[in-house]
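The structure is given below, and queries will be raised subsequently.
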Amino acid sequence: MEIDREAILQTYLAESEEHLGQMEEALVALETHPEDEELLEAIFRGAHTIKGNSSSLGFPRLAEFAHAFEELLQRFRSRTVPVTRELITLLLQSVDALRQMVPQAVAGGEEIRPEHTALLWQLAERTQTTSKEEVVSGPAVDRRAKPWGRRQEDIQGWGERAGTIRVDVQKLDRMLNLLGEIAIARGRLTEMMAKGVGRTEIQEARLDIDTLFMQFQE
């Protein structure tokens, strides 16, 4: 059965606008109610859906932007970074950027504007800074704790710490980047299969995914 890509793109366009409108409303409400889990989940679902749809349709740069947006939201969800007016403003600006990027990608132009690139860097910087702080500091530690002893509570505390590991931040960043690349590559492959492109091209795309996955395993 022949797939009407134009119809799919129009559906994608309409759904993305709907999600962005809901995300914008929820972000404004979140500034007043930063502890509202339902608002956070609604925004996260919208960003996640746009990312997945963009990737599936072969819009990797748009998917990358949505992924950076989603990652900062994940920091809100895990409560590793507080919801502030500054970050809400950044996310609202990013919603406006996505509102421009989606129709631009549908029209065939997926080059990111300089102002959108600047927003992407701000989102990535916020997320990476938070990730590094989490790895370096780890769980909260009471620095007034007494020196190590043989008491039962000391032994129990050691057992709890034994369940954590220290990982180089660059490795974590590389893993996150590879996961994003794998998701985007899978989206491209899905699009190629939907278009019915040649077997050779599909095999090459599958090889790219296998290569990325092997790097991730390493």
Q | Between CG on residue Leu92 and CG on residue Leu27, distance to nearest 0.5 Å | A | 5.0 Å

Q. If every non-hydrogen atom of His116 is compared with every non-hydrogen atom of Ala97, which pair is closest and at what distance?
A. CD2-CB, 3.6 Å

Q. Ignoring hydrogens and geometry, is there a side-chain-to-backbone donor-acceptor pair from Thr211 to Leu207 under 3.5 Å?
A. yes

Q | Derivation of the side-chain contact (heavy atoms from CB on, under 4.5 Å) call for Asp96 and Glu24 | A | CA-CA 9 Å; Asp96 289 337; Glu24 187 174 50; 3.8 Å; yes

Q. Hey, does Glu64 have a side-chain heavy atom less than 4.5 Å from the side chain of Leu120?
A. yes

Q. Mind checking whether Ser94 and Leu123 have side chains closer than 4.5 Å, heavy atoms only?
A. yes

**Q.** Minimum-distance pair of heavy atoms, taken over all atoms of Leu62 and Val102
**A.** CD1-CA, 3.7 Å

Q | Heavy-atom side-chain proximity of Phe69 to Ile43 below 4.5 angstrom | A | yes

Q: For Gln10, look at atom CD and say whether over 12 heavy atoms of other residues, nucleotides or ligands are found less than 6.0 Å away.
A: yes

Q) How many angstroms lie between CG in Leu87 and CD in Glu31, if you round to the nearest 0.5 Å? A) 10.5 Å

Q) Going only through I, L, V, M, F, W and Y residues with side-chain contacts under 4.5 Å, is there a path from Leu98 to Ile112? A) yes

Q: Report the relative orientation of the aromatic rings in Phe59 and Tyr12; use parallel for angles under 30°, tilted for 30 to 60°, perpendicular for over 60°.
A: tilted

(Q) If I take atom CG from residue Leu72 and atom CG from residue Leu91, how far apart are they, to the nearest 0.5 angstrom? (A) 5.0 Å

Q) Do the side chains of Gln74 and Thr80 get nearer than 4.5 Å, heavy atoms only? A) no

Q: Please lay out, stage by stage, how Leu57 and Val106 fare under the test side-chain contact (heavy atoms from CB on, under 4.5 Å).
A: CA-CA 9 Å; Leu57 288 171; Val106 170; over 6 Å; no

Q | Sub-4.5 Å side-chain heavy-atom contact between Val81 and Arg126 | A | no

**Q.** Shortest non-hydrogen separation from Leu13 to Pro103 and the atoms involved
**A.** CD1-CA, 3.7 Å

(Q) To the closest 0.5 Å, what do you measure between CD1 (Ile88) and CD (Gln93)? (A) 11.5 Å

Q: Inspect the contact between Arg77 and Glu41 and indicate whether a charged nitrogen and a carboxylate oxygen are less than 4.0 angstrom apart.
A: yes

(Q) Show the nearest heavy-atom pair for residues Ala66 and Ala47, with the distance to one decimal. (A) CB-O, 4.1 Å

Q) About how many Å separate CE of Met23 and CD of Glu18, when rounded to the nearest 0.5 Å? A) 12.5 Å

Q | Rounded distance (nearest 0.5 Å) linking atom CG of Leu30 with atom CG of Leu40 | A | 5.0 Å

Q: Compare every heavy atom of Ser54 with every heavy atom of Ala63, then report the nearest pair and how far apart it is.
A: N-CB, 4.0 Å

Q.
Is there a path of hydrophobic side-chain contacts, each under 4.5 Å between heavy atoms, that joins Val28 and Val83?
A. yes

Q: For His48, check side chain to side chain donor-acceptor pair (under 3.5 Å) against everything at least two apart and list the hits.
A: Glu70

Q.
Looking at Arg79, I'd like to know if its CZ atom is crowded, meaning that more than 12 non-hydrogen atoms belonging to other residues, nucleotides or ligands lie closer than 6.0 Å.
A. yes

(Q) Using only atom types and a distance under 3.5 Å, with no angle test, would you say the side chain of Arg45 pairs donor to acceptor with the backbone of His19? (A) no

Q.
I'd like to check the side chain to side chain contact (heavy atoms under 4.5 Å, CB included) partners of Thr11; sequence neighbours left out, ordered by chain and number.
A. Glu15

Q: Please answer: with hydrophobic residues joined when any side-chain heavy atoms are less than 4.5 Å apart, are Ile184 and Ile209 in the same cluster?
A: no

